[in-house]
K.L.:
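The structure follows.
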Amino acid sequence: MAKLTSRATDYSKWYNELVVSADLAENSAVRGCMVIKPYGYAIWEKMQAQLDKMFKETGHQNAYFPLFVPKSMFEAEEKNAEGFAKECAVVTHYRLKNDPENAGKLIVDSDAKLEEELVVRPTSEAIIWSTYKNWIQSYRDLPILINQWANVVRWEMRTRLFLRTTEFLWQEGHTAHATKQEAIDETVQMLHVYADFAENYMKLPVVKGVKTDSERFAGAEDTYCIEALMQDGKALQAGTSHFLGQNFANAFDVKFTNKDGQQEYVWATSWGVSTRLMGALIMAHSDDHGLVLPSTLAPIQVVIIPIYFNDEQKNQIDETANHIVNQLKEKGISVKYDNDDKQKPGWKFAEYELKGVPVRIGLGPRDLEKGQAEVARRDNLSKEFLPIANLSDDIPLLLEDIDASIFEKALEFRNSHITEVNSWEEFQQVLEEKGGFLSAHWDGTAETEEKIKELTKATIRCIPLDAQNENGKCILSGNESSKRVLFAKAY
């Protein structure tokens, strides 16, 4: 098993090697696309299941809308169309035919040109709002609270597994409301759902905030976001929730009759997270030995590995191990007994360490004699001997402790990497030498924001929701500012 490049040596190379070595994903034959392998997909399924539960608990239902969007429909909301134009894949023909000059080769049938080109969805607002027009006539039809689990295509030039791929998996919520306040409340509610999921299930501390005008979603009036910090000091946008106002209702003429019998345009939101969360989970917690996963998202929470030298010992260990497995499963814990004899215990130890299994139990003949088992934690690589008779009580508590420890470590790192800066020189120095979030004054202009990005590659990640009013001077222009924002280099 090849050793991973260390994070300190080359963080990007470490990440790429880890994703492949831990059997999470690999590049596909299609440029910019990925194959999510079973172990990686199992983590995504756990994320999906928990998020889906949280969406349904807040009144949302799942539906599914087409992958293809007629070009004229996509163009209806101009800002949205302009914002995604450069990333769109477009279907122009509907058939191939045999090339008469090259047997076995196929060419585009020039006679099969579509009357109207189809955009492969980069996001679904257009197709969904054209549908909502048929669903909404009266205030009695509102609100509509819909989510879909889907794939989207955004033609990326520079790709990286999970973080940025041409095709990726996500969920996108699209809701319709009778009043502006209802829509704003929905937007904020879903932001808090995302933050709750990130912190309580991914064990990833996040900053909740609002994007600047230049960073917000194309077609939105406001974009709320959760921003997380990776171990290399770069930020990662982990989820967004958009207040769309009446922009899409206007574009698709979606009106309803209110209680007073008057016609009004509907108010809208959209919100989403994607398989990019997989990248965040990997980069926020993992180490030079491999993945570090919280038990809340680990496909295997506990693995038991037998250590024996003959069949008699194996049979004795099998009996004890199977008893432990049944006890832990009764507690709702996902446990694997790896008694496959094709690999030695040392290989298995390294393999499950690489894959981030939170707890490893080693069982040998001497352990049975002493009535104890060696229990290893993946988060800090510590080991201890625990009584076999108490494992069904000790392991659940240990998993809780591991999860709390993972979160606290990430929180301590994040908090120690939020730095207040008050001058341009200080901003540049901290950005290059320390990284992380830089809390700084900004004059509120797009020109200054763009200039800072051009000079340093740092962007305004968000205006924190809990930002206090504080008079100051913009770090670049020196103009008046009333609030600090968070800058960072980002993925």
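The basis for the numbers below is simple: all heavy atoms, side chains too, and nothing from hydrogens, waters or symmetry mates.
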K.L.:
Judged by atom type as modelled, is there a donor-acceptor pair below 3.5 Å linking the side chain of Y194 to the main-chain atoms of I226?
P.N.:
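No.
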K.L.:
With side chain to side chain donor-acceptor pair (under 3.5 Å) as the test, would you mind laying out the steps for E77 and N247 before giving the verdict?
P.N.:
CA-CA 7 Å; E77 210 295 317; N247 295 336; 4.7 Å; no
K.L.:
What's the spacing between F217 CZ and S270 OG if we round to 0.5 Å?
P.N.:
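With rounding to 0.5 Å, CZ (F217) is 5.0 Å from OG (S270).
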K.L.:
Using only heavy-atom distances, determine whether the side chains of W271 and E186 contain a donor-acceptor pair under 3.5 Å.
P.N.:
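Yes - a donor-acceptor pair under 3.5 Å links their side chains.
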K.L.:
Has T275 got a side-chain atom pairing as donor or acceptor with M278's backbone, closer than 3.5 angstrom?
P.N.:
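No; zero donor-acceptor contacts below 3.5 Å.
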K.L.:
For a 4.5 angstrom cut-off between non-hydrogen side-chain atoms, does K46 reach T296?
P.N.:
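K46 vs T296: side chains apart.
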K.L.:
Looking at OG1 of T240 and CD of E172, how far apart are the two atoms once the value is rounded to the nearest 0.5 Å?
P.N.:
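Separation between the atoms: 10.5 Å.
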K.L.:
Looking at W424, F427, F437, W442, which one forms a ring pair (Phe, Tyr, Trp, His ring centres under 6.0 Å) with F487?
P.N.:
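Among W424, F427, F437, W442, the one that satisfies the ring pair (Phe, Tyr, Trp, His ring centres under 6.0 Å) with F487 is F427.
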K.L.:
Does either side chain, that of Q181 or that of D185, offer a donor lying less than 3.5 Å from an acceptor on the other one?
P.N.:
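The criterion, which ignores hydrogens and geometry beyond distance, is satisfied for D185 and Q181.
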K.L.:
Do T123 and E125 get their side chains close enough for a donor-acceptor pair, meaning under 3.5 Å?
P.N.:
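Yes.
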K.L.:
Between E116 and S72, is any side-chain donor less than 3.5 angstrom from a side-chain acceptor?
P.N.:
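Side-chain D/A pair, E116 to S72: present.
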K.L.:
Check whether any side-chain N or O of T269 sits under 3.5 Å from a backbone N or O of T187 as a donor-acceptor pair, and report yes or no.
P.N.:
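Not confirmed, T269 side chain does not pair with T187 backbone.
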K.L.:
Between Q148 and H174, do the side chains contain an N or O donor and an N or O acceptor separated by less than 3.5 Å?
P.N.:
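The criterion, which ignores hydrogens and geometry beyond distance, is not satisfied for H174 and Q148.
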K.L.:
Can you tell me how far the CD1 atom of I402 sits from the CD1 atom of I395, to the nearest 0.5 Å?
P.N.:
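Interatomic distance, I402 CD1 to I395 CD1, rounded to 0.5 Å: 8.0 Å.
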K.L.:
Could you go through E449 and T212, starting from their C-alpha distance and side-chain angles, then the distance that decides it, and tell me whether this counts as side chain to side chain donor-acceptor pair (under 3.5 Å)?
P.N.:
CA-CA 9 Å; E449 184 180 6; T212 62; 2.7 Å; yes
K.L.:
Provide the closest heavy-atom pair for S286 versus R7 in the form atom of the first, atom of the second, distance.
P.N.:
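Heavy atoms of S286 and R7 come nearest at O-NH1, 3.3 Å.
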